[in-house]
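Side-chain atoms are counted along with the backbone in the values below, which use heavy atoms only and exclude waters and symmetry mates. Keep in mind that what you see is a predicted model, and the values were worked out from it rather than measured.
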There are 2 protein chains.
Amino acid sequence: MRLSKKGEYAVRALVEIGFEAHLRPNSLIQISTVAERTNIPEKFLEQILLALRNGGVLKSRRGVEGGYALAKPPEEINLGEVVRLLDGPLAPIPCVSATAYEPCTCPDEESCGLRIAMKQVRDAICAILDNYKLDRLISEVQKRRASKTTAWQFDI
Amino acid sequence: MRLSKKGEYAVRALVEIGFEAHLRPNSLIQISTVAERTNIPEKFLEQILLALRNGGVLKSRRGVEGGYALAKPPEEINLGEVVRLLDGPLAPIPCVSATAYEPCTCPDEESCGLRIAMKQVRDAICAILDNYKLDRLISEVQKRRASKTTAWQFDI
DNA sequence: CGATAGTCGATCATTTCAATCGACTTTGCA
DNA sequence: TGCAAAGTCGATTGAAATGATCGACTATCG
């Protein structure tokens with residue numbers, strides 16, 4: 001039931017890019033900067049950001065002063081979308097996928113026990129990720145980062 | 001976020017074995033029979049049943065009239081246990097796994113957005129699978145199989 | 001023109017997955 | 001005792017996915 005590195009890096013990078021957008025609206029951030037800050041191999045990250053761009057989540061500009069930015073406001077980007085873009089369907093098995101259904105090899109899909117259970121798992125995963133908007137995630141992150149720095153700031 | 005074939009086959013086979021136990025208590029069922037009924041490659045199924053046996057979910061007897069049966073009552077077998085046995089941890093990423101934690105490459109685990117979101121996913125998956133007992137699953141299956149056959153039986 | 005930065009396709013090594021093979025052991029029964 | 005049925009076990013295989021890297025190309029700005 002693992003998320004791939006691509007899916008993992010995509011979310012981590014997106015949080016960083018969204019964070020930057022929050023600090024400096026209308027700015028662009030470079031692949032190399034994102035790679036540094038997130039600890040993601042730069043060349044690999046390149047592929048991932050490109051996929052996010054082609055999927056309409058990011059926009060980019062080439063050349064000097066170029067870089068990436070969110071293609072839409074963070075409240076319109078949800079994690080389900082992002083993970084699907086890089087990892088494919090969220091469903092644990094294809095016969096319970098709403099977005100990429102494929103039949104199973106079991107004798108009868110209607111009464112298949114595995115399917116009954118995995119349908120519930122799929123629904124639970126989708127309920128979380130399809131409703132997790134980037135703005136909410138970023139504010140969660142911000143809250144935690146803030147409580148780290150202020151911890152010693154007030155401790156004079 | 002896929003379940004492997006092993007995990008898939010394990011649950012399907014277990015439902016079949018549990019079903020048999022319900023119909024004929026104290027009986028053993030052969031690999032070949034399970035393979036036929038569930039449409040699972042026999043030699044592959046062999047590996048899986050062996051793992052379930054070594055994991056304490058099934059018991060077996062060799063030789064003539066040998067076969068497999070549940071090692072404990074179906075209300076003591078949960079799907080989380082079964083899936084972990086064949087597929088490893090349920091968590092989407094190792095840094096949110098309770099049973100197999102491993103650190104991440106992100107700069108700060110505490111404030112990592114990916115981790116915040118995936119923790120929730122992990123909890124949701126575990127809440128479902130660790131509480132899904134085999135007896136409940138089997139009765140769900142039975143209900144659906146029954147409604148299939150009686151559909152025409154009453155339709156005289 | 002030249003530096004910067006994204007784009008794109010190809011390639012690669014490793015691991016995982018799904019499955020199969022063959023030899024072996026245990027068991028029950030004739 | 002010997003044979004057939006059935007589980008056990010280790011090795012191997014082929015294919016695919018994964019994670020990553022390389023190098024050439026293109027757009028943009030000053």
Side-chain angles (χ1 to χ4, degrees), chain A residues 1-13 17 20 27-36 38-55 57-71 83 85-89 92-94 100 104-105, chain B residues 1-13 17 20 27-36 38-55 57-71 83 85-89 92-94 102 104-105:
Chain A
M1 308 278 280
R2 277 285 196 292
L3 184 75
S4 78
K5 286 285 172 188
K6 273 190 189 172
E8 177 184 330
Y9 292 163
V11 175
R12 275 167 56 188
I17 295 172
E20 184 72 11
S27 73
L28 296 178
I29 186 171
Q30 284 79 48
I31 296 182
S32 57
T33 310
V34 177
E36 259 174 44
T38 55
N39 242 324
I40 299 172
E42 185 172 336
K43 265 303 200 177
F44 197 25
L45 180 60
E46 179 193 300
Q47 282 179 42
I48 291 158
L49 297 189
L50 199 53
L52 288 172
R53 178 187 157 272
N54 293 334
V57 173
L58 292 178
K59 62 184 176 183
S60 62
R61 206 174 65 210
R62 293 177 158 196
V64 179
E65 296 286 287
Y68 281 94
L70 301 183
V83 172
L85 219 43
L86 284 132
D87 256 41
I93 49 175
C104 184
T105 61
Chain B
M1 306 279 279
R2 278 285 198 292
L3 185 75
S4 78
K5 287 286 172 187
K6 273 190 188 171
E8 177 184 328
Y9 291 163
V11 175
R12 274 166 58 186
I17 295 172
E20 184 74 8
S27 73
L28 295 179
I29 186 170
Q30 285 79 46
I31 294 182
S32 58
T33 310
V34 178
E36 262 174 40
T38 55
N39 242 324
I40 298 172
E42 186 173 333
K43 266 301 199 178
F44 196 25
L45 180 59
E46 179 193 299
Q47 281 179 42
I48 291 158
L49 297 190
L50 199 53
L52 288 171
R53 176 186 158 275
N54 292 334
V57 173
L58 293 177
K59 62 184 176 184
S60 63
R61 205 173 66 211
R62 294 175 154 198
V64 179
E65 297 285 289
Y68 280 94
L70 301 182
V83 171
L85 220 42
L86 284 131
D87 256 41
I93 48 175
E102 268 185 77
C104 186
T105 62

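Residues forming a side-chain hydrogen bond (donor to acceptor under 3.5 Å, both in side chains) with B:Thr33 (at least two apart in sequence, or on another chain): none. In this view, A:Lys59 satisfies the side-chain hydrogen bond (donor to acceptor under 3.5 Å, both in side chains) rule with no residue, not counting sequence neighbours.
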Item to check | Contact pattern, 5' to 3', of nucleotides 24-30 of chain D - B, S or - by protein heavy atom under 4.0 Å | outcome: --BBBB-

Protein-nucleotides 12-19 of chain D N/O pairs under 3.5 Å:
unit_1: D:dG19; atom_1: OP2; unit_2: A:Lys5; atom_2: N; d: 2.9

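Using a 4.0 Å heavy-atom criterion, one finds that B:Leu49 contacts no nucleic acid atom at all.
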Checklist entry - Yes or no on side chain to side chain donor-acceptor pair (under 3.5 Å) for A:Asn39 and B:Thr105, after CA distance, side-chain angles and deciding distance? => result CA-CA 7 Å; A:Asn39 242 324; B:Thr105 62; over 6 Å; no

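No side-chain heavy atom of B:Ile17 sits less than 4.5 Å from a side-chain heavy atom of B:Leu52. Residues B:Leu3 and A:Met1 form a side-chain contact, since some pair of their non-hydrogen atoms from C-beta on lies under 4.5 Å apart. Using a 4.5 Å heavy-atom threshold, the side chains of B:Pro89 and A:Arg2 count as touching. With a 4.5 Å cut-off on side-chain heavy atoms, A:Lys5 and A:Pro41 do not count as touching.
B:Arg53 and B:Ser60 form a side-chain donor-acceptor contact under 3.5 Å, judged by distance and modelled atom types alone.
When each of A:Gln47 and A:Gly67 is assigned the nucleotide of DNA chain C with its nearest heavy atom, A:Gly67 is the one assigned upstream, toward the 5' end.
B:Glu46 has its CD atom 13 Å from the C1' atom of D:dA11, to the nearest Å. Taking atom CD on A:Glu42 and atom P on D:dA20, their separation rounds to 14 Å, with Å as the unit. The nearest whole Å value for the distance from the NZ atom in B:Lys59 to the C1' atom in D:dT8 is 19 Å.
Of all nucleotides in DNA chain C, those with any atom nearer than 4.0 Å to a heavy atom of chain A start and finish, going 5' to 3', at C:dA3 to C:dC8.
Closest approach of A:Ala10 and A:Leu86 over heavy atoms only: CB-CD1, 3.1 Å.
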For residues 61-70 of chain A, which side-chain N or O atoms pair as donor and acceptor with protein atoms under 3.5 Å away, sequence neighbours left out?
unit_1: A:Arg61; atom_1: NH2; unit_2: A:Glu65; atom_2: O; d: 3.3

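With B:Val34 as the fixed residue, the side-chain contact (heavy atoms from CB on, under 4.5 Å) test singles out one of B:Ile48, B:Ile29, B:Ile40: B:Ile29.
For the pair B:Ser60 and D:dA6, the criterion of a side-chain N or O lying under 4.0 Å from OP1 or OP2 is not met.
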